[in-house]
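Report on the following structure.
The analysis underlying the following values was restricted to heavy atoms, covering all of them including side chains, and did not include hydrogens, waters or symmetry mates. Naming: A, B, ... by sequence-line order, numbering from 1 per chain.
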Amino acid sequence: MIWDKRYECMPREEIEQLQLERLQSTLNRVYRNVAFYRKKFDELKIFPEEIQSLKDLANFPFTTKEDLRHSYPYGMFALPLREVVRIHSSSGVTGKPTVTGYTKNDLHHWSQLTARVLTAGGVTKDDVVQITFRYGLFTGAFGLHQGAELIGASVIPMSTGNTQKQVLIMQDYKTTALVGTPSYALRLAKYMEEAGIDPKSLSLKLGLFGGEPFPETMRQEIEERLFITATDNYGVSEVMGPGVSAECLHKNGLHLYEDHFIAEIIDPQTLQVLPPGATGELVLTTLTKEAFPLIRYRTRDITALDYSPCPCGRTLVRMKKVLGRTDDIVIIKGVKVFPSQVEAILMEMEGVEPHYQLIADRQEGIDTLEVRVEVNEKVFSDEIKNLQNIAAKIERRFREIIGVSAKVKLVAPESLQKGAEKIPKVVDRRPK
Amino acid sequence: MLRVESVSAYYGSMPVLRNVSLHVSPGEIVTLLGANGAGKSTLLKVISGLCPVAKGKLVFNGQNITGLFPEQILRLGVGQVPEGRQIFAPLSVLDNLILGAYVRFLQEDKKNIWRDLENVFELFPILKERAKQRAGTLSGGEQQMLAIGRTLMAKPKLLLLDEPSMGLAPRITNDILRTIKILREKSTTILLVEQNAQAALKIADRGYVLETGRIILEGESHDLLNNKEVQRAYLGKEYREIWE
């Protein structure tokens, strides 16, 4: 099913015309209304009039998370606050939070977009949707909630936590679609196994996951343990929240809603735009946002774009599942180590958690890589020999899959990931 | 149907349109909003070939029409109802209408033209009543109907309407706008420039807002009606300082 055929199946030529029109009017508006952009464009002597075609966007400056922090809270709003009807904000774990605002029209568009996401993942008006994202400043819950209501599904706004109650409601209210993070889906599966609840006895058939990296191995595990069809959807809270892109049931990439966003892939080092198909950092420009438009926002997410047609009929470009964050990539002896690769290796191992930390160092001019991996409770108290075996296995897979030799160090459970606390995935000790 | 790609136009050395892009799909009513002097009429004239394009491209039904003569563009199916009607006052209503079909006379069976004349009379019965009268003696509303009827005689696929409600009483304005909706149902596509933004957005599918030669907003009519900037600037809603 497709929620909005007119826009999701537009011929490429028409999408590009629409993007050009919306890009020109967005640039005209930010130049007029947002001091940050006016100053930046003036400094670079580049003006909205110079956008003759979509390619010209590459001449415009980037916007970074730092820029948003400097303008905290309302500095980059394109409209006065009285026209803003909703405010969301990031957690601010690694610095000052960032604030985004939405006008009535922005909320209307956002609901349309998340309705597309849910429809692409199989949700219809007959579904009972349990939303397990945290309701609050975070965009995930409200974004998908609005879309589910627009479709006409029955929405259970559960929010996070209380796994026992979540499962109880899932059983009694006959939830058919689960919305949340993929790791929470595994948590639910684990709880059901421990409590002796057969997932097949539930009405659950769909899972729409987002908010964190969701590798293919994890999808398989969720689908097998919960007996559901799991799809991935992607959003960026500064850009909109969920509703930027989403998988259809063919599960071959996330259709990016190009009538509302322009996607570019850049090399995070040289900042040059890369050709279609190349892997790099995703950069997004909003085309319809009124309160908080963003020009060339660097998402720090690593992915690639695929313009080939999808059997579902949507003509929108597909982005690959996010391969990780630019901050989490480490280059060892010229080889790029992506977080997704490391996670994939750890997911196939028995006895370890997918929580790790990479430590890059240099000894006598040679790059070294140490991988710290959490083992689970069961293995932790096991024989040394067993632990050594696991470490050797991971080291071998690193050589085979990534092509670098690494030294694996197993660490105690919950020493790398405890609750919501964030420990950097990469520590680079090499002299700069 | 119509694609305008990054078009700029000048009056002498003064830029009137700066990098304007828009499109009209078959069967749509699209409206152009903007204050006086924003460039709305110029944009229509650029599309119909009356104003030269300095930069950019015009595509109509897949064909590049940039730089074509107005009569060539008219023959391809773009008809313009000019601002202020511009009817031929000393001529009869009937002659005005027949003149509208001049590009078709040598190419088509006359029967088609008489049939289209009947269609125009059906759309505007008052014109049939006054067919023999001099056009200059008609009321403002009737003159506007005549101007639209005259353009329809060229059988345009895309109709460009420049402020059809100018100087008309509200009731007559509504009649004219209702006619525009009927024309769309009869598969004419419409690009409408209108001072009365509220009324225009009510019948249009989408709209663009021009400001000093630049498009600053674009969207479905519903969204534009909801947009506070549009409300303030073109719908006469009150502007009150609360914050800033």
Side-chain angles (χ1 to χ4, degrees), chain A residues 4 6-7 10-11 13-35 47-57 73-74 77-85 101-112 259-260 287-291 293, chain B residues 1-8 15 17-28 30 32-34 38 54-59 62 205-233 237-244:
Chain A
D4 193 339
R6 176 164 160 222
Y7 288 107
M10 230 179 203
E13 200 188 45
E14 285 178 35
I15 293 178
E16 286 177 0
Q17 170 75 18
L18 191 67
Q19 286 189 322
L20 180 65
E21 291 171 10
R22 290 182 168 174
L23 177 62
Q24 285 171 344
S25 66
T26 300
L27 286 170
N28 284 331
R29 260 180 307 124
V30 299
Y31 187 71
R32 194 186 66 174
N33 295 354
V34 185
F47 300 101
E49 269 115 290
E50 285 160 35
I51 289 269
Q52 292 282 314
S53 76
L54 290 172
K55 281 200 188 80
D56 298 330
L57 180 59
Y74 300 138
F77 281 24
L79 292 171
L81 201 56
R82 64 168 175 276
E83 280 154 37
V84 170
V85 297
Y102 303 78
T103 64
K104 253 187 199 164
N105 279 338
D106 290 337
L107 285 189
H108 167 73
H109 288 146
W110 192 14
S111 306
Q112 286 286 339
D259 50 332
H260 292 267
L287 294 176
T288 53
K289 278 186 75 191
E290 295 178 346
Chain B
M1 177 174 248
L2 173 73
R3 240 173 42 227
V4 176
E5 288 177 27
S6 307
V7 160
S8 298
L17 294 178
R18 308 176 204 228
N19 215 19
V20 167
S21 301
L22 64 81
H23 75 277
V24 185
S25 300
E28 268 190 319
V30 173
L32 274 176
L33 306 176
K55 221 162 133 192
K57 198 166 122 186
L58 298 166
V59 179
D205 303 298
R206 291 189 301 117
Y208 295 85
V209 179
L210 265 174
E211 197 178 276
T212 57
R214 303 175 179 93
I215 289 184
I216 56 141
L217 270 176
E218 168 281 340
E220 293 184 7
S221 300
H222 161 268
D223 289 345
L224 292 179
L225 280 168
N226 256 330
N227 183 289
K228 289 275 162 51
E229 275 185 284
V230 174
Q231 289 178 357
R232 214 156 39 224
K237 297 258 165 88
E238 199 187 351
Y239 186 104
R240 264 186 300 157
E241 294 287 325
I242 297 172
W243 181 84
E244 263 156 347

*Please state whether the side chain, the backbone, both or neither of A:Asp56 comes within less than 4.5 Å of a heavy atom of chain B.*
neither

*asked:* Taking side chain as everything from C-beta outward and backbone as N, CA, C, O, which of these in A:Gln24 sits under 4.5 Å from a heavy atom of chain B? Side chain, backbone, both or neither.
replied: both

*List for me each residue that meets ring-ring contact (aromatic ring centres under 6.0 Å, His included) alongside B:Tyr208, sequence neighbours excluded, and say none if there are none.*
none

*Could you tell me which of A:Arg29, A:Glu49, A:Arg22 has the largest number of non-hydrogen atom pairs under 4.5 Å with chain B?*
A:Glu49

_Most chain A-contacting option - heavy-atom pairs closer than 4.5 Å, from B:Glu5, B:His23, B:Arg18, B:His222_ = B:His23

*By a 4.5 Å heavy-atom criterion (distance strictly below it), what part of A:Glu50 contacts chain B: side chain, backbone, both, or neither?*
backbone

*For the pair A:Asn28 (side chain) and B:Ile216 (backbone), establish whether a donor and an acceptor sit closer than 3.5 Å, ignoring hydrogens and angles.*
no

*For A:Asn105, check side-chain contact (heavy atoms from CB on, under 4.5 Å) against everything at least two apart and list the hits.*
A:Thr103, A:Glu290, B:Asp223, B:Asn226, B:Asn227

*Min side-chain heavy-atom separation B:Val30-B:Leu22 under 4.5 Å*: no

*asked:* Please find the pair of heavy atoms, one from B:Ser6 and one from A:Ile51, that lie closest to each other, and give the distance.
replied: OG-O, 3.8 Å

*Measure B:Val20 against the heavy atoms of chain A and call it side chain, backbone, both or neither at under 4.5 Å.*
backbone

*Answer whether the closest heavy-atom distance between the side chains of B:Arg3 and B:Leu58 falls below 4.5 Å.*
no

_Portion of B:Lys57 that has a non-hydrogen atom of chain A nearer than 4.5 angstrom_ = neither

*Portion of B:Val4 that has a non-hydrogen atom of chain A nearer than 4.5 angstrom*: backbone

_N/O donor-acceptor pair under 3.5 Å between B:Asp205 side chain and B:Glu28 backbone_ = no

_Residue selection (most heavy-atom pairs with chain B, distance under 4.5 Å) from A:His109, A:Arg32, A:Glu13, A:Glu14_ = A:Arg32

